[in-house]
K.L.:
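Next up is a structure, given as C-alpha cells.
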Amino acid sequence: MAVRQVASIHFKNFIAKNWSPNDPDESPKVLESDKAMVRENILGFIVQVPPLLRAQLGESIKTIIHSDYPEQWPSLLHWVTHNLELQNQIFGALYVLRVLARKYEFKSEDERIPLYHIVEETFPRLLSIFSKLVQIVNPPIEVADLIKLICKIFWSSIYLEIPKQLFDPNVFNAWMVLFINLLERPVPVEGQPIDPEIRKSWGWWKVKKWTIHILNRLYTRFGDLKLQKPESKAFAQMFQKTYAGKILACHMQLLNAILTGDYLPDRVINLVLQYLTNSVTKNSMYQMMQPQIDILLFEIIFPLMCFNDKDQNLWDEDPHEYVRKGYDIIEDLYSPRTAAMDFVSELVRKRGKNNLQKFIHFVVDIFRRYDEAPADLKPYRQKDGALLAIGTLCDKLKQTDPYKSELERMLVQHVFPEFSSRVGHLRAKAAWVAGQYAHINFSDPNNFRQAMHCIVSGMRDPDLPVRVDSVFALRSFVEACKDLDEIRPILPQLLDEFFKLMNEVENEDLVFTLETIVDKFGEEMAPYALGLCQNLAAAFWRCMASSEADDEADDSGALAAVGCLRAISTILESISSLPHLFIQIEPTLLPIMRRMLTSDGQDVYEEVLEIVSYMTFFSPTISLDMWSLWPLMMEALNDWAIDFFENILVPLDNYISRGTDHFLACKDPDYQQSLWNALQSIMMDENMEDSDIEPAPKLIEVLFQNCKGNVDPWVEHYLRITIERLRRTQKPYLKCLLVQVIANALYYNPLLTLETLNKLGVAADIFNHWFAMLQQVKKSGARVNFKREHDKKVCCLGLTSLIGLPADKIPAEALDRIFKATLELLVAYKDQVAENKKQNEEDADDMDGFDADEDDEEVDSDKEMGLDDEDGDEVSSLELQKLAAEARGFLPADEDDDSDDGFSDDEELQSPIDEVDPFIFFVETVQGLQASDPARFQNLMQTLDFRYQALASGIAQHAEERKVEIEKEKLEKANAQ
C-alpha cells in the first residue's frame, strides 16, 4: 500500500505539472496518444482503488477535466450518464460528475453553457438516485457518501445561477422535498464516532451540513425579493412562500440540541444561525421566530457566546493556537460564537425596539449575580459571555439612549475590575471590551488613563492571549488619545513589551498596532526609529522563515511579514524630515531589499518597493549600496514584475532625479543603457496592453527633465519607440503620455527634437495629431485629452520651446498655429489651477464637519414588510474568498476613458519643471522672439484676431502677477528658515 500511495502522489504531481503547461509556447510534455490512453482508462479506477489513493486520483482527474473538457474529452459526459445507470458504478459516476460540476461553480454566465448541458443530461437520473437513497430504511454509511456527492454536485450547479431546468416548479419541488427530508430527519445515532474531531466529519453529519449549506444558498441568493430580474423575482416569491418557513422551523428544531446538551457540529450551528440572521429583517420569518425569541436568545445564542471547556483546553494546552483562532477571519466564518454575535447584532439593529432592552437587562443581571457571588461560585464564563455581548453591541449602545450616557460607568463598574481577575480569559476579555469603547467621551480623564495603564500592564500578563488582546486594545486607546502626554512617559516600556510579544506571536494585527503608535507620534519616534526597524527586520525574517517552512499553513507568517514591511514604511515616513537617520537605518534594511527585490519577494514586492522609494528619496544622498539595487529591479521588470511597473517607477525616478550625476557618469553598470533596454523592450512589445506600459513614457519624461543637455544621443532612440508605439495605441491616456514624451523632448532641446522628427519624416503628422488632440472636447466643453494640470503644463513648455526657434526651422503658418494653441492651453491651465485651488479649500472646509452616517434603521414589525429593508445575500465560509478571486478573474475592470486614468495631480512625483512657471516662460520666450526677429514678431501679432490678442494680453498680465507671487513665496520661505 505504501508503494501504491507513493505512485499515486507521483502520478498526481506529474499530471499537474505536465498535462497542460502554463506557457502556451512551451512544447507539450505528454504526447496526445498518451493523453488519450490516460483519459480512456483513468475513470475506471475510481471505484477500484481505496480512499487513500482515490484522493490523489481525483486531483489528477480534476486537472485533466479543467484542461480538456469538453473539447478534447467529449465522451466524458456519456461515460458519466452511462455509469449512473449501472448499480456498481454509481459512486464513480457521481465522483466524476462532482469534479465536472465544480469546474463551472464560479464561472460567469457565458462560460457556464457546458454546465447547463451537463445538468440537462444528468439531473433527471440524479434525482431518481437521490430519491431512492433517501427512502432506504436504516441506511449504511456508504449511502451518506453517495448523498453527500449528490449534494456537492447540486451545490456547484446552483452556486451562481439556477439552471433553467430547475425553474420547473415540479422538478424543483422534487429536489426540495428530498433536501427538507434530510434536514428534518435525525442523524443516525448508531456508528457515530466518539471523538468530536472525527465526529464532525462523519458522513451523516457531512450530509446534514451540505443540506443546510444548499438551503441557505437558495434562500439568500435566490430567495431574496430584491432581485431585479422578473423571472428571479417570481422564483424568490415562490421560495419564500413555499419553503423558507419550513426550513426555518427545521433549523429552530435542530438548535434544540444545544438546549438538551446533545451534539451539533460547530459548522452546522454556524450555518443555521446564518439562516436565522438573514431571517430577522423578513416580517413573515421574524413572526415565526418571535414566540421562541427569548429561548433562542437566552438559552441557545447566549450560551454560545460564553467561554467553554473547549476554549479552556486550548487556552491551557496551546495558547498560540488560541490566539491564532481568535484573530483568524476564516475561523470566524465557521465559528458558532461569531454567528451568535452576528445574530445578536442584527436582532438589536433591526428589531431593537423589542429586544435591546431585555437583552441588556439579561446582561446586567449576570453582572449583578457575578458581583454578589463569592469568589469560588462566581459565574466566570457567563461574565465572559456578557462582556462579549457588551463589546459586540458597542456601536448600537454608543448611539442609543439611555445606554450611551451610562457606558463609562458600566466600564468602571463591570469591565475595569476584570483587569486584575484571577481568571485569565476575563482579563483578556476586559482588555478587548475596553478597546471597543476606547473612543467614547470619558467625563473623567482618570478613567481613560486607568484603562490605558491597565492595558499596558496586560502586555506583561503571564497568559499569552491576555498580552495579545492588550496590544490590540492599546491600538484603540492610542487612536483615541487626545493628549499624547498620557502615553509619552510609558512609551519606551511599551515598545519593549511590544517587541517581546512580536518574538512570540506572528500576527499582522500586532504590526498594525505598532503602525498606529508610529503614526500618532510621528517625528517623536525618531529616537526609537533605528531600534524599531531592527526589531521589525528581525521579525520579518522570522515570519518569512515560518512561512517558507509551512506552505500548507494558513500563511499568517506571510501576512505578518507584509505587516512588518508596512510598519517599516510608516516609520520611514514619520522621520522623513530627519535624513541623517536614513543613513543609520540603511544597513538594517539592505539585506531585506536585496533579497526581496528578486523573485523570492514576489509576495511582498509592492511593500519592498515602497521602502526603496523612501530610502532613495529621503536619504541625504543615494549610497552605492542603494545603487546596487537598480539592476535587481531592472532584471525583475524585464522578467516577471511588469505588474509592478507603476511601483518600480517611483524609486527609478528617485535614482535619476536625486542621483543624476552618478546615473550619467557610471558605465559599470551602465544605467542609461539598462534603462533604454527595459523601456525599448516594453514599449515595442506588441503583446503588452496599453495600460501596462503607461509608466514607460513617464520614465522617459523623468530622463529628459532631469538630464537636460546630457542625453542628446538618446533623444532619437526614445522618439523612435514613442512614435512607433503611438501609431498603434488605442487608449487615450497612453496617447497623451506618448505625445507628452515629444513635448518633453522639445523642452529638453527643441532644435534637436524637431530635426529628429523631420529626419524620421513624421513632423507634420505628429503636430497635426497633437493639435487634433488639443482641440477634442466633450459636449460639456471639457477637454478630452491632457486633462491633468501636469499634462497641460508639459504641452505648454514643449510648444513654447518651438516659438523661440529661428524662422528657417518654423514656417510662419506653423508658428501661428503653435502660438494660438499654446495661448488656449495656457488659459485652460490657468483656469484649472484656480479651480483646483478653490476645490481644495472647499474640501478642507468640508472635512472639518465630516461625520459618517450610520445605517442603523430598525424594521417596523407592524407594517407590511417592504422590499428595501431586506438584506442582501449572505456570503459565508470560503465562498467569500472564492467569489472575490473569481470576480477578479471574469469581471472586466472599469474602463472609463472619461476618468482621469493615472494618478491625480496631488499624487504627482516631484519634477524639475515644478520650478518653471509656464506663463513667465511663454512671455519671456515671446519677448526673446521680439528682440531677435522684430519683423517676424510683428507679422505674428498681425495674424491674431481680437480674441487671441485679448488672450495674449491676459497671459502677459498673469505672468507679471506670477512673478510677484513667486518672489513673495521665496521671501516667506527664506523668513521661515
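Reckoned from all heavy atoms, side chains included, excluding hydrogens, waters and symmetry mates.
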K.L.:
Strictly under 6.0 Å, is that where the ring centroids of Tyr829 and Phe919 end up?
P.N.:
yes
K.L.:
So, using side-chain contact (heavy atoms from CB on, under 4.5 Å) as the criterion, who are the partners of Glu607 when residues are at least two apart?
P.N.:
Val562, Leu565, Arg566, Val604
K.L.:
Under a plain distance cut-off of 3.5 Å, with no hydrogens placed, do Thr753 and Asn749 share a side-chain donor-acceptor pair?
P.N.:
no
K.L.:
In sequence, state the C-alpha distance, the side-chain angles, and the governing distance for Glu610 and Asn647, and then conclude on side-chain hydrogen bond (donor to acceptor under 3.5 Å, both in side chains).
P.N.:
CA-CA 8 Å; Glu610 187 170 29; Asn647 308 83; over 6 Å; no
K.L.:
With a cut-off of 3.5 Å and sequence neighbours excluded, list every side-chain donor-acceptor pair involving residues 677-688.
P.N.:
from   : atom 1 : to     : atom 2 : distance (Å)
Asn677 : OD1    : Gln673 : NE2    : 3.0
Asn677 : ND2    : Gln673 : O      : 3.4
Asp685 : OD1    : Asn687 : N      : 2.8

K.L.:
Enumerate the residue pairs fulfilling salt bridge (charged side-chain N to carboxylate O under 4.0 Å, His left out) with a member in residues 672-682, sequence neighbours excluded, ordered by first and then second residue.
P.N.:
none
K.L.:
Would you say the side chain of Leu536 lies within less than 4.5 Å of the side chain of Cys533, judging by non-hydrogen atoms?
P.N.:
no
K.L.:
Could you pull out the closest heavy-atom pair between Phe771 and Ile818, with the gap in Å?
P.N.:
CZ-CG1, 3.8 Å
K.L.:
Show every salt bridge (charged side-chain N to carboxylate O under 4.0 Å, His left out) that has at least one partner inside residues 740-760, sequence neighbours left out.
P.N.:
Glu716-Lys759, Glu755-Lys809
K.L.:
Can you check whether Ile810 reaches Leu754 side chain to side chain, under 4.5 Å on heavy atoms?
P.N.:
yes
K.L.:
When the side chains of residues 571-581 are checked against the rest of the protein, which donor-acceptor pairs come out under 3.5 Å, sequence neighbours left out?
P.N.:
from   : atom 1 : to     : atom 2 : distance (Å)
Glu573 : OE1    : Tyr614 : OH     : 3.3
Ser574 : OG     : Ile571 : O      : 2.7
Ser576 : OG     : Glu573 : O      : 3.1
Ser577 : OG     : Glu523 : OE2    : 2.2

K.L.:
Can you tell me how far CG of Leu589 sits from CD1 of Ile592, rounded to the nearest 0.5 angstrom?
P.N.:
6.0 Å
K.L.:
In the structure I gave you, are the side-chain heavy atoms of Pro697 and Gln740 within less than 4.5 Å of one another anywhere?
P.N.:
no
K.L.:
Using only atom types and a distance under 3.5 Å, with no angle test, would you say the side chain of Arg783 pairs donor to acceptor with the backbone of Val777?
P.N.:
no
K.L.:
Between Tyr718 and Trp676, is the gap from one ring center to the other below 6.0 Å?
P.N.:
yes
K.L.:
Any non-hydrogen side-chain atom of Asp639 less than 4.5 Å from a side-chain atom of Ser599?
P.N.:
no
K.L.:
Do the side chain of Gln832 and the main chain of Lys787 share a donor and acceptor less than 3.5 angstrom apart?
P.N.:
yes
K.L.:
Can you find a heavy atom in the side chain of Leu637 that is under 4.5 Å from one in the side chain of Met633?
P.N.:
no
K.L.:
For the pair Arg475 and Glu515, find out whether any cationic side-chain nitrogen is under 4.0 Å from an anionic carboxylate oxygen.
P.N.:
no
K.L.:
Do side-chain atoms of Thr616 reach the backbone of Asn654 as a donor and acceptor pair under 3.5 angstrom?
P.N.:
no
K.L.:
How long is the gap from CZ on Phe499 to CD on Gln534, to the nearest 0.5 Å?
P.N.:
10.0 Å
K.L.:
Let me confirm one number: the OG1-CG distance from Thr729 to Leu737, rounded to the nearest 0.5 Å.
P.N.:
9.5 Å
K.L.:
Who are the side chain to side chain donor-acceptor pair (under 3.5 Å) partners of Lys793, not counting sequence neighbours?
P.N.:
none
K.L.:
Would you please name every residue forming a ring-ring contact (aromatic ring centres under 6.0 Å, His included) with Tyr655, sequence neighbours left out?
P.N.:
Trp627, Trp630
K.L.:
Hey, mind stepping through Asp690 and Gln730 against side-chain hydrogen bond (donor to acceptor under 3.5 Å, both in side chains) and telling me if it holds?
P.N.:
CA-CA 7 Å; Asp690 283 359; Gln730 298 297 316; over 6 Å; no
K.L.:
Would you indicate whether the side-chain heavy atoms of Met593 and Leu632 approach each other to under 4.5 Å?
P.N.:
no
K.L.:
Suppose we screen for side-chain contact (heavy atoms from CB on, under 4.5 Å). Which residues come up paired with Pro695, at least two apart in sequence or across chains?
P.N.:
Phe645, Glu646, Leu649
K.L.:
Is the backbone of Met596 close enough, under 3.5 Å, to the side chain of Asp600 for a donor and an acceptor to pair up by distance?
P.N.:
no
K.L.:
Is Asp791 reaching over with its side chain to a backbone N or O of Arg788, donor-acceptor style, under 3.5 angstrom?
P.N.:
yes
K.L.:
Does Lys735 make a cation-pi contact with Phe786, if we ask for NZ or CZ under 6.0 Å from the ring centre and within 45° of the axis?
P.N.:
no
K.L.:
Only counting residues at least two apart or in another chain, list the ones meeting side-chain contact (heavy atoms from CB on, under 4.5 Å) with Lys17.
P.N.:
none
K.L.:
Just by distance, do the side chain of Tyr748 and the backbone of Val711 share a donor-acceptor pair under 3.5 Å?
P.N.:
yes
K.L.:
Considering non-hydrogen atoms only, spot the tightest contact between Cys796 and Thr822 and give its length.
P.N.:
O-CG2, 4.2 Å
K.L.:
To the nearest 0.5 angstrom, please state how far the OG atom of Ser623 sits from the CD1 atom of Ile583.
P.N.:
9.0 Å
K.L.:
So, are Glu724 and Arg727 salt-bridged, with charged N and O less than 4.0 Å apart?
P.N.:
yes
K.L.:
Report yes if some heavy atom in the side chain of Ser691 is under 4.5 Å from a heavy atom in the side chain of Leu734; otherwise report no.
P.N.:
no
K.L.:
Taking everything shown except Glu915 itself, do over 12 heavy atoms lie less than 6.0 Å from its CD?
P.N.:
no
K.L.:
If you look only at pairs with a residue in residues 830-839, which of them pass as a salt bridge (charged side-chain N to carboxylate O under 4.0 Å, His left out), with sequence neighbours excluded?
P.N.:
none
K.L.:
Please name all residues satisfying side-chain contact (heavy atoms from CB on, under 4.5 Å) with Lys667, sequence neighbours left out, ordered by chain then number.
P.N.:
Asp670, Gln672
K.L.:
Could you give me the CA-CA distance, side-chain angles and deciding distance for Asp519 and Thr570, then say whether side chain to side chain contact (heavy atoms under 4.5 Å, CB included) is met?
P.N.:
CA-CA 7 Å; Asp519 260 346; Thr570 304; 3.5 Å; yes
K.L.:
Taking the six-membered ring for Trp, are Phe644 and Trp640 parallel (under 30°), tilted (30 to 60°) or perpendicular (over 60°)?
P.N.:
perpendicular
K.L.:
Are Leu774 and Asn785 packed together at the side-chain level, in the sense that at least one heavy-atom pair is separated by less than 4.5 angstrom?
P.N.:
no
K.L.:
Tell me the closest heavy-atom pair linking Leu514 and Phe498, and the distance in Å.
P.N.:
N-CZ, 3.5 Å
K.L.:
Can you list the residues that meet the side chain to side chain donor-acceptor pair (under 3.5 Å) rule with Asn710, with sequence neighbours excluded?
P.N.:
none
K.L.:
Could you give the distance from CG (Asp712) to CG (Leu752), rounded to the nearest 0.5 Å?
P.N.:
5.5 Å
K.L.:
I'd like to know if Arg594 and Asp625 make a salt bridge, using a cut-off of under 4.0 Å between side-chain N and carboxylate O.
P.N.:
yes
K.L.:
Would you say that more than 12 heavy atoms from the other residues, nucleotides or ligands in this model lie under 6.0 Å from the CD of Glu635, or not?
P.N.:
no
K.L.:
Does CD in Gln602 sit with more than 12 non-hydrogen atoms of other residues, nucleotides or ligands closer than 6.0 Å?
P.N.:
yes
K.L.:
Is a donor on one side and an acceptor on the other found under 3.5 Å between the side chain of Ser619 and the backbone of Ile622?
P.N.:
no
K.L.:
Under a 3.5 Å threshold, yes or no: a donor from one side chain and an acceptor from the other, between Arg817 and Asn768?
P.N.:
yes
